[in-house]
Amino acid sequence: MNEKFMTEAIQLAQQNVEKGKGGPFGALIVKDHHIIARGVNEVTTTNDPTAHAEIQAIRQACAYLKSFQLEGCILYTSCEPCPMCLGAIYWARLEKVYFAATHQDAAEAHFDDSFIYHEIQQPYECRKISMIHLSSYRVAAQEVFRIWKSIENKTPY
């Protein structure tokens with residue numbers, strides 16, 4: 001781990017707070033020892049609940065590399081990624097993640113994502129947001145997957 005990258009991720013978070021631009025989170029992505037993307041939390045300034053620092057950095061890195069996969073890239077983030085960001089990290093196939101503050105530290109600052117971890121484990125019918133399986137449409141939706149699987153020249157992911 002290169003300390004300068006983690007220090008910069010934390011500085012991004014601090015600058016974001018001091019400028020009143022969003023939440024106290026900063027992230028950057030490194031490939032071959034060079035920063036290729038930076039992100040800060042912009043949820044409140046963009047009215048986008050997905051505009052977390054890690055997501056912003058992933059979007060920027062993907063655009064830079066012209067790829068939806070970030071293999072060989074390392075994420076440095078000021079705080080342990082939330083469930084949404086963790087999912088994006090896995091989908092992007094980042095090689096490694098370094099984080100500073102923990103999700104417990106974030107919870108103490110009123111950024112508590114423990115309810116999401118709890119909800120994920122619940123059956124559809126027990127979740128706080130109604131998740132209703134419309135089983136009568138399942139066959140039609142499965143047909144789309146069948147078509148996808150039959151395409152020979154698709155870009156798999």
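Residue Gln15 places its CD atom among more than 12 non-hydrogen atoms of other residues, nucleotides or ligands, all under 6.0 Å distant.
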Original post:
Can Leu65 and Lys31 be said to form a side-chain contact (heavy atoms from CB on, under 4.5 Å), step by step?
Top reply: CA-CA 10 Å; Leu65 294 175; Lys31 184 169 179 75; 4.1 Å; yes

*Can Phe111 and Phe25 be said to form a ring-ring contact (aromatic ring centres under 6.0 Å, His included), step by step?*
CA-CA 11 Å; Phe111 293 95; Phe25 303 95; 5.0 Å; yes

Would you please test Ile89 and Ile58 for side-chain contact (heavy atoms from CB on, under 4.5 Å) and show each step? CA-CA 8 Å; Ile89 288 163; Ile58 288 169; 4.1 Å; yes

Item to check | His52 vs Cys82, side-chain contact (heavy atoms from CB on, under 4.5 Å): CA-CA, chis, key distance, verdict | outcome: CA-CA 9 Å; His52 289 200; Cys82 75; 3.4 Å; yes

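A distance of 12.0 Å separates NZ in Lys66 from SG in Cys62, rounded to the nearest 0.5 Å. Rounded to the nearest 0.5 Å, atoms NZ (Lys4) and OH (Tyr76) are 10.0 Å apart. Thr155 OG1 to Phe68 CZ: the interatomic distance, rounded to the nearest 0.5 Å, is 6.0 Å. The structure places CG of Leu28 at 5.0 Å from CD1 of Ile35, a figure rounded to the nearest 0.5 Å. Rounded to the nearest 0.5 angstrom, Arg127 CZ and Gln121 CD are separated by 10.0 Å. Distance CD1/Ile29 to CD/Gln56: 11.0 Å, rounded to 0.5 Å.
In this structure a side-chain-to-backbone donor-acceptor pair under 3.5 Å is missing from Glu42 to Ala51. Distance alone, capped at 3.5 Å, is enough to place a donor-acceptor pair between the Arg93 side chain and the Trp91 backbone. Of the possible donor and acceptor atoms, none in the side chain of Asn41 sits under 3.5 Å from a partner among the backbone N and O of Ala13. With hydrogens and angles disregarded, a donor-acceptor distance shorter than 3.5 Å links the side chain of Lys154 to the backbone of Ile151. In this structure a side-chain-to-backbone donor-acceptor pair under 3.5 Å is missing from Thr77 to Ala27.
Smallest separation of non-hydrogen atoms from Gly22 and Thr45: N-CG2, 4.2 Å. Across Ala37 and Gln60, no two heavy atoms sit closer than the pair CA-OE1, 3.0 Å. Of all non-hydrogen atoms in Met84 and Pro49, the two that sit nearest each other are CE-O, 3.8 Å.
The side-chain heavy atoms of Glu143 and Arg146, taken from C-beta on, include a pair separated by under 4.5 Å. Using a 4.5 Å heavy-atom cutoff, the side chains of Val43 and Asp48 are not in contact. Using a 4.5 Å heavy-atom cutoff, the side chains of Asn2 and His33 are not in contact. Using a 4.5 Å heavy-atom threshold, the side chains of Ser78 and Leu12 count as separate. Residues Thr102 and Asp105 meet the side-chain proximity criterion, which asks for heavy atoms closer than 4.5 Å. Annotation: side chain of Ile36 is not in contact with side chain of Val30 (no heavy-atom distance under 4.5 Å). When side chains are defined from C-beta on, Cys79 does not count as touching Phe99, because their heavy atoms never get closer than 4.5 Å.
Ring orientation note: the planes of Tyr157 and Trp148 are nearly perpendicular, at an angle over 60° on the 30°/60° scale.
In this structure, Val17 is not a member of the same hydrophobic cluster as Ile10, with clusters built from ILVMFWY side-chain heavy atoms closer than 4.5 Å. Residues Leu94 and Tyr64 share a hydrophobic cluster, clusters being chains of Ile/Leu/Val/Met/Phe/Trp/Tyr side chains in contact below 4.5 Å. Hydrophobic clustering (side-chain heavy atoms under 4.5 Å, transitive across Ile, Leu, Val, Met, Phe, Trp, Tyr) groups Ile132 together with Tyr137. Both Val40 and Tyr98 belong to a common hydrophobic cluster when Ile, Leu, Val, Met, Phe, Trp and Tyr are linked at side-chain heavy-atom distances under 4.5 angstrom. Taking hydrophobic clusters as Ile, Leu, Val, Met, Phe, Trp and Tyr residues chained together by side-chain heavy-atom distances below 4.5 Å, Leu70 shares a cluster with Leu75.
Partner of Gln122 under the side chain to side chain donor-acceptor pair (under 3.5 Å) criterion, chosen from Glu125, His118, Glu119: His118.
Contacts of Arg138 classified as side-chain contact (heavy atoms from CB on, under 4.5 Å), with partners at least two apart in sequence or in another chain: His133, Gln142.
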